[in-house]
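Just below is one structure, and these are the notes that go with it.
Every value quoted in this text rests on a predicted model; they were computed, and no experiment measured them. Residue numbering restarts at 1 for every chain, and letters A, B, ... go by the order of the sequence lines.
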Amino acid sequence: MRLERNFFERNTLTVAKELLGKVLVRKVGKKEIRARIVETEAYIGEEDKACHARFGKTKRNAVMYGRAGCAYIYLCYGIYELLNIVTEGKGFPAAVLVRGVVFLPRRSQIGPGKLTKYLKITRALNQEDLTKSEKLWVEDDGFKVKRSQIKSAPRIGIPYAGTWAKKKWRFNIEK
DNA sequence: TATTTGATTCTT
DNA sequence: AGAATCAAATAT
């Protein structure tokens, strides 16, 4: 079943952890592409020096200030579109970056830049409401992730964030 | 208006 | 270690 608004309207770290094992569904035409989320990363608030909201509300990050459950997609390094899911209440900028997925029933894992390419996710889907969209949403297919399988680690690719880069806000499922 | 800089990935 | 490649942020 599809995850509803109340799933996303919670503490960002909680959502990041519980998103592990869930299924990302991208519908293009009549085809559905499914991929299991195996790695996520949290970006929380204007205080977080790694978060795009660190300079306040801008045209790009405005969606993070909006409703939980919406997609925040942006272009990184001019090449890769990265997918985030907005969390917490309206007015508070926070989101969970989908860092890694495995396609079903395939096994190989791919990173944040490639998964959007494979799922045909572009900025055209920015601000898409995942609780209502016909094109992109997240499902719970009953797959259980044991607590002991969830690992936390420092965030990646944000050396400029100083001490904030060291926060263990990256979560993944142990193989 | 011009320059710098990335929530990445692949090549050398 | 560096390139690819562009939009947003910052400097001018």
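The distance between atom CD1 of A/I73 and atom C1' of C/dC6, rounded to the nearest whole Å, is 17 Å. Between A/I79 atom CD1 and C/dG2 atom C1' the separation is 12 Å, expressed in whole Å. Across the protein-nucleic acid pair, A/L82 atom CG and C/dA7 atom P stand 15 Å apart, rounded to whole Å. Counting to the nearest Å, the C1' atom of C/dC6 and the OH atom of A/Y77 are 13 Å from each other. One atom, CZ of A/R155, and another, C1' of B/dT8, lie 17 Å apart when rounded to the nearest Å. What separates CD1 of A/I121 from C1' of B/dT8 is a distance of 16 Å, to the nearest Å. Per the geometry, CD1 belonging to A/I110 stands 13 Å off C1' belonging to B/dT8, to the nearest Å.
Between A/R170 and A/R99 there is a side-chain heavy-atom pair separated by less than 4.5 Å. Between A/L3 and A/L19 there is a side-chain heavy-atom pair separated by less than 4.5 Å.
The distance from atom CZ of A/R123 to atom CD of A/E81, rounded to the nearest 0.5 Å, is 4.5 Å. Of the inter-residue distances, the one linking A/L24 atom CG with A/I85 atom CD1 reads 6.5 Å to the nearest 0.5 angstrom. The distance from atom CD of A/E4 to atom CG of A/L130, rounded to the nearest 0.5 Å, is 11.0 Å. Separation of atoms CD (A/E39) and CG (A/L97) is listed at 9.0 Å; rounding is to 0.5 Å.
Here the separation of C/dT5 from B/dA2, taken at their P atoms, is 22 Å to the nearest Å.
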Per-nucleotide pairing state of DNA chain C [Watson-Crick or G-U, under 3.5 Å; [ ] pseudoknot-crossing; | other strand]:
||||.||||||.
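For A/R54 (side chain) and A/E47 (main-chain N/O), no donor-acceptor pair under 3.5 Å exists by modelled atom type.
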Under the salt bridge (charged side-chain N to carboxylate O under 4.0 Å, His left out) rule, what do A/D141 and A/R36 come out as? Steps first, then yes or no, please.
CA-CA 10 Å; A/D141 67 347; A/R36 192 174 308 284; 3.0 Å; yes
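A/I158 comes within 4.0 angstrom of sugar-phosphate atoms only, judged by non-hydrogen atoms across all strands, and of no base. Using a 4.0 Å heavy-atom criterion, one finds that A/G113 contacts the sugar-phosphate atoms exclusively. Here A/R170 lies out of heavy-atom contact (under 4.0 Å) with every strand. Within 4.0 Å of A/R99, counting heavy atoms only, lie sugar-phosphate atoms of the nucleic acid but no base atom. When heavy atoms are screened at a 4.0 angstrom cut-off, A/L97 is found touching base atoms of the nucleic acid.
Screening A/Y43, A/Y65, A/Y74 for a ring pair (Phe, Tyr, Trp, His ring centres under 6.0 Å) involving A/H52 leaves a single residue, A/Y74.
When the side-chain nitrogen and oxygen atoms of A/K117 are compared with OP1 and OP2 of B/dT9, none of them lie within a distance under 4.0 Å.
Within a heavy-atom distance below 4.0 Å of DNA chain B, the residues of residues 46-62 of chain A found are A/A50, A/H52.
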